[in-house]
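Here is the structure we will look at, set down as structure tokens.
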Number of protein chains: 2
Amino acid sequence: MPVRSGTPGMVDVARLAGVSHQTVSRVVNGHPGVRPETAARVRAAITSLGYRRNATARALVTHRSGLIGAFTTPDIDTDRLLSGVEAAVRAAGRTLLITVVDPDDPTGVDRLLDRVVDGHLAVAPTTSLLATLGALPARPPTVIVEGPSHPLGPSVGADHRGAARALTHHLLDRGHRTVHHVTGPPGSHIAAERAAGWRAALAEAGIDAPEPVPGGTGPDTGHAAGRALADRHRAGEPITAVLAADDTLAAGLFHALADAGLHVPDRIAVAGIGDRPESTHLAPALTTVDTGPRAVGERAARILLDMVEGREGTDTTVPATAPRTRASTGHW
Amino acid sequence: MPVRSGTPGMVDVARLAGVSHQTVSRVVNGHPGVRPETAARVRAAITSLGYRRNATARALVTHRSGLIGAFTTPDIDTDRLLSGVEAAVRAAGRTLLITVVDPDDPTGVDRLLDRVVDGHLAVAPTTSLLATLGALPARPPTVIVEGPSHPLGPSVGADHRGAARALTHHLLDRGHRTVHHVTGPPGSHIAAERAAGWRAALAEAGIDAPEPVPGGTGPDTGHAAGRALADRHRAGEPITAVLAADDTLAAGLFHALADAGLHVPDRIAVAGIGDRPESTHLAPALTTVDTGPRAVGERAARILLDMVEGREGTDTTVPATAPRTRASTGHW
DNA sequence: TTGTAGGCGTTATCAA
DNA sequence: TTGATAACGCCTACAA
């Protein structure tokens, strides 16, 4: 038979206060119909014993845990998306449970399902991850953050396509004959949308899109991409403007291009997406666009909380936040 | 009285398989002494019903949830520390529960205590947060990550003092008469240790430490600090070398110093701490030291897991990881 | 090898 | 206004 945990429970409080454990429950949960005097006695017993309500037992009987789960897969802006999610979840008095999912091995998904969470957030999920999730039996309300739309639940995301498109047009308007593209991580929905926006802008200008340079995230990846671009330049391909799928690529890009004698911005123009804080401070400052990842994360979490708490439609109808597209003052 | 949740339980599986719910429990938990044939029937019922073990009910009776809680407060390297923690926790088949604590308002602490977690990680906690934690009644095993030592539990951290000291000596050896310091966030233990190392090195060289420049984290803060340094330089103070408490300050520092005509590295030398990936790609590359935050996070989590799972002393004895001090090849 | 009984700490219902 | 009682879904101990 099970053992008592050692920490005091409602029964202990009840005994000390000379009431039933049910009355303790009423006091703890602020239910009406308890004589003030009794409530005071109970409260005294609670502090004297250092009693804290057992969330597990509560969850067992109420079928809600106050926990929100987040699947996450490393991608562009995952950190800021999660930071927004965390803030909203915390503001709602709930706790966030984070599981990092390896896209190649989505076993972590199972683990999160074993826990009782009131709702799920799929942060920057790949299509295959969503498929895995969708194939599972009964799962709690789910909201997709920066992922492909899927019957699993509503999607919340910024207009990456529009942002990339606008930046590409911006470069073309500056007189460049074409714009090259360093992509984001393979399998990333955000990266795919940004690439699509770049392609769309070129198509609108009647330009054949040059072969994109495979990228990812981070300055080291950007450095590798910069070397690839420099090689193609050396091979005779005219390269004058580059749109990087992510700001974090920029420092490495600048570095590699400079090493190859392609100084930014004199010989080559570079724009990024994401408005990372460092972008203003690079030399030269990176032209970029803010896609508001923190706001997206917060919004997604709030939509999920609405669903979980049965508040219908407060926020659910609008599927995407408009990006606050502010281009930083670049050198060109 | 409580309502059944709708999802199948052991009783449902048992009924379908024609056994008792106890036998189901045995099969699910891999206990011996079940006839293979019976086990197969149970397993068939499980898949057919899509049964999953209810972690809450399990936690209620076993007094262990499989959950590890992390308090976190925004600081230098919090992200990488957490990433290491997450990896180790996940590798152990457990789930991480993250709570961000506002150091000025540690109410989140209460929240995490309401949940049943098997162990706590205090990631980059302030002294006051530890005091709040320590004042609480019964709390689970705790490990402090990059925080001041405290009776709450073992501390794990890199040798920030040594790293800062070594870098300061490195600058002095290069002929600088003194080294200025841009500090990290106020209240940060990491920042305090790094400042102490800087002070120690100057003291060892018989130099009076110049007034440190208040900093924090991030390029924008670095930019502000750079302007402050430039002002002091303009006011006649000889400034030739700067140790930034954190790499993320560097880009902003470079930017502000360059704007003030103090080109790095010609007019002024700058070193950072933390070995962020972008540091290699700045112009010029930043001299820095790796303090292995991911490894520290992993190690701390493993120590906690040892404590939680009753594995004594596997790792607990050694309180700090040695930093892999590799200075990147800077320009000076 | 399998089933029965009891209890983990809480909430909900009903009666007093 | 308060208390008894029955779940929630599971695990441990013991009996069969």
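Throughout, a chain's letter reflects where its sequence line sits, starting with A, and its residues are numbered from 1. Predicted model only: the values in this text are computed from it and were never measured.
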Presence of [X] side-chain N/O under 4.0 Å of [N] phosphate oxygens OP1/OP2:
X	N	value
A:T56	C:dT10	no
A:N29	C:dT11	yes
B:R4	D:dG9	yes
A:T23	D:dG3	yes
A:R35	D:dT1	no
B:S25	D:dC10	no
A:T38	D:dT1	no

(message) By nearest heavy atom, map B:P32 and A:T62 onto DNA chain C; which one lands nearer the 5' end?
(response)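 The answer here is B:P32.
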(request) Between B:A57 and B:V34, name the one whose nearest nucleotide on DNA chain C is closer to the 5' end. (result) B:V34
(message) Applying side-chain contact (heavy atoms from CB on, under 4.5 Å) to A:T7 and A:R52, what does each step give before you reach the verdict?
(response) CA-CA 9 Å; A:T7 50; A:R52 326 204 95 241; over 6 Å; no
Rounded off to whole Å, could you give me the [atom1]-to-[atom2] distance for the [X] and [N] pair?
X	N	atom1	atom2	value
B:R64	C:dG9	CZ	P	16 Å
B:R15	C:dT2	CZ	P	19 Å
A:N54	C:dG7	CG	C1'	14 Å
A:I46	C:dT10	CD1	C1'	13 Å
A:R53	C:dC8	CZ	C1'	17 Å
A:R58	C:dT10	CZ	P	10 Å
A:L49	C:dG9	CG	C1'	15 Å
A:L60	D:dC11	CG	P	12 Å

(message) On DNA chain D, does the nearest nucleotide to A:S20 precede the nearest nucleotide to B:H31 from the 5' side, or the other way round? Give the residue.
(response)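 Going by which nucleotide is closer to the 5' end, it is A:S20.
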Taking only N/O atoms, report every protein-nucleotides 14-16 of chain D pair under 3.5 Å with atom names and distance.
none

[X], nearest nucleotide to its side chain (from [options]):
X	options	answer
A:H21	D:dA7, D:dT5, D:dG3	D:dT5
B:V61	C:dT11, C:dA5, D:dG9	D:dG9
B:M10	D:dC11, C:dT10, D:dC8	D:dC11

(request) Go through the structure and list residues passing salt bridge (charged side-chain N to carboxylate O under 4.0 Å, His left out) with B:R294, not counting sequence neighbours. (result)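 So B:R294 forms a salt bridge (charged side-chain N to carboxylate O under 4.0 Å, His left out) with B:E298.
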(message) Between B:R64 and B:E309, does the side-chain contact (heavy atoms from CB on, under 4.5 Å) criterion hold? Intermediate values first, please.
(response) CA-CA 10 Å; B:R64 10 182 43 246; B:E309 277 150 29; 4.3 Å; yes
